[in-house]
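Contents: one structure, followed by commentary.
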Amino acid sequence: SAVISQKPSRDICQRGTSLTIQCQVDSQVTMMFWYRQQPGQSLTLIATANQGSEATYESGFVIDKFPISRPNLTFSTLTVSNMSPEDSSIYLCSVASGASNTGELFFGEGSRLTVL
Amino acid sequence: AQSVTQLDSQVPVFEEAPVELRCNYSSSVSVYLFWYVQYPNQGLQLLLKYLSGSTLVKGINGFEAEFNKSQTSFHLRKPSVHISDTAEYFCAVRNTGFQKLVFGTGTRLLVSP
């Protein structure tokens, strides 16, 4: 299993500002995933972050809006840039289990952002 | 590409009654299937998973699910629910070659006394 810590757990932000969310894992992992969960909605994958390479973004998400860093095998950040009220969501970091072929993803507690 | 359909957005049930949460998936390749639970203001917790082998999978908290390849379904069941089972339940699928997980829209289970 993997223990994932996210910071901040929640924040209230002003329109037009940017916020960086941190994700720390207690073990080395190859792939980290960032998901968004809008109010009352399911989880949507934003991007996949591999250490040492550019993140791979899903359709509808762009690097300028959601820049991601992956400096090592235990840490990643997601920045939500130039925020608007539509960005109010829970942002979740997840990683695959140590044996990658089991398919299980572990999730952090999420970062709940409210944009005013 | 894979997709997941959870037809029931909300399922109300009385305590100690049985419950079934439906999940259907679509994929052109072999898949792994998962059920996650999200309690209010918390992250996601894995309930159970199907990778291969027996089509009846048992998970935590008394839940089980059955993989039906011909019907492309992976319905979640519990014979007797508790108030504490009130939560959002997500079905998810990924193909066996890649770790990207695709989620359904979720089913809110509401257990009342």
Side-chain angles (χ1 to χ4, degrees), chain A residues 1-10 21 23-25 29-51 55-61 89-114, chain B residues 1-10 21-25 27 29-53 57 59-60 65 67 74 87-108 110:
Chain A
S1 65
V3 178
I4 303 169
S5 302
Q6 280 187 239
K7 292 181 181 179
S9 57
R10 60 178 63 232
I21 302 167
C23 177
Q24 179 74 52
V25 188
V29 294
T30 303
M31 300 174 78
M32 297 178 75
F33 306 88
W34 286 98
Y35 282 85
R36 181 177 74 180
Q37 185 179 22
Q38 293 177 300
Q41 305 289 320
S42 185
L43 284 78
T44 302
L45 182 63
I46 297 172
T48 302
N50 291 331
Q51 193 267 336
T56 302
Y57 289 82
E58 297 297 307
S59 176
F61 297 96
S89 296
I90 301 173
Y91 293 85
L92 297 111
C93 171
S94 73
V95 302
S97 60
S100 60
N101 62 351
T102 67
E104 176 179 348
L105 288 190
F106 294 91
F107 287 83
E109 294 285 320
S111 298
R112 183 182 296 270
L113 301 188
T114 301
Chain B
Q2 299 81 39
S3 66
V4 178
T5 301
Q6 293 182 249
L7 289 174
D8 304 308
S9 60
Q10 189 166 290
L21 305 184
R22 296 181 294 169
C23 172
N24 288 88
Y25 69 93
S27 177
V29 298
S30 296
V31 296
Y32 297 152
L33 293 154
F34 307 82
W35 275 98
Y36 283 85
V37 60
Q38 185 178 37
Y39 298 103
N41 299 314
Q42 295 188 26
L44 275 75
Q45 180 182 5
L46 182 69
L47 272 179
L48 49 79
K49 60 185 177 184
Y50 171 80
L51 303 181
S52 64
V57 180
I60 62 172
F67 170 59
F74 190 55
E88 191 85 20
Y89 292 80
F90 292 98
C91 183
V93 63
R94 58 155 277 214
N95 70 45
T96 58
F98 187 60
Q99 294 174 338
K100 173 183 172 181
L101 203 56
V102 176
F103 285 84
T105 52
T107 298
R108 181 172 296 275
L110 295 171

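Residue numbers begin at 1 in each chain, while the letters A, B, ... track the order of the sequences. The structure presented is a predicted model; accordingly, all values stated were derived computationally and were not measured.
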### Message
If I take atom CD1 from residue Ile90(A) and atom CD from residue Gln42(B), how far apart are they, to the nearest 0.5 angstrom?
### Response
11.0 Å
### Query
Is there a donor-acceptor pair closer than 3.5 Å between any side-chain N or O of Ser42(A) and the backbone N or O of Gly104(B)?
yes
### Message
Could you measure the distance from the OH atom of Tyr36(B) to the CG atom of Leu43(A)? Nearest 0.5 Å is fine.
### Response
10.0 Å
#### Entry: Under 4.5 Å from any heavy atom of chain B - which part of Gln37(A)
side chain
### Task
Side chain from CB out, backbone as N, CA, C, O: work out which of these in Gln38(B) comes under 4.5 Å of a heavy atom of chain A, or both, or neither.
side chain
### Region of Gln41(A) in contact with chain B, defined by heavy-atom distances below 4.5 Å
backbone
## Note on the structure
To the nearest 0.5 Å, atom CG of Leu101(B) lies from atom CZ of Phe33(A) at 8.5 Å
### Query
Going from CG on Leu46(B) to CZ on Phe107(A), what distance comes out if it is rounded to the nearest 0.5 angstrom?
9.5 Å
### Message
With rounding to the nearest 0.5 angstrom, report the OG to CG distance, Ser94(A) to Leu44(B).
### Response
9.0 Å
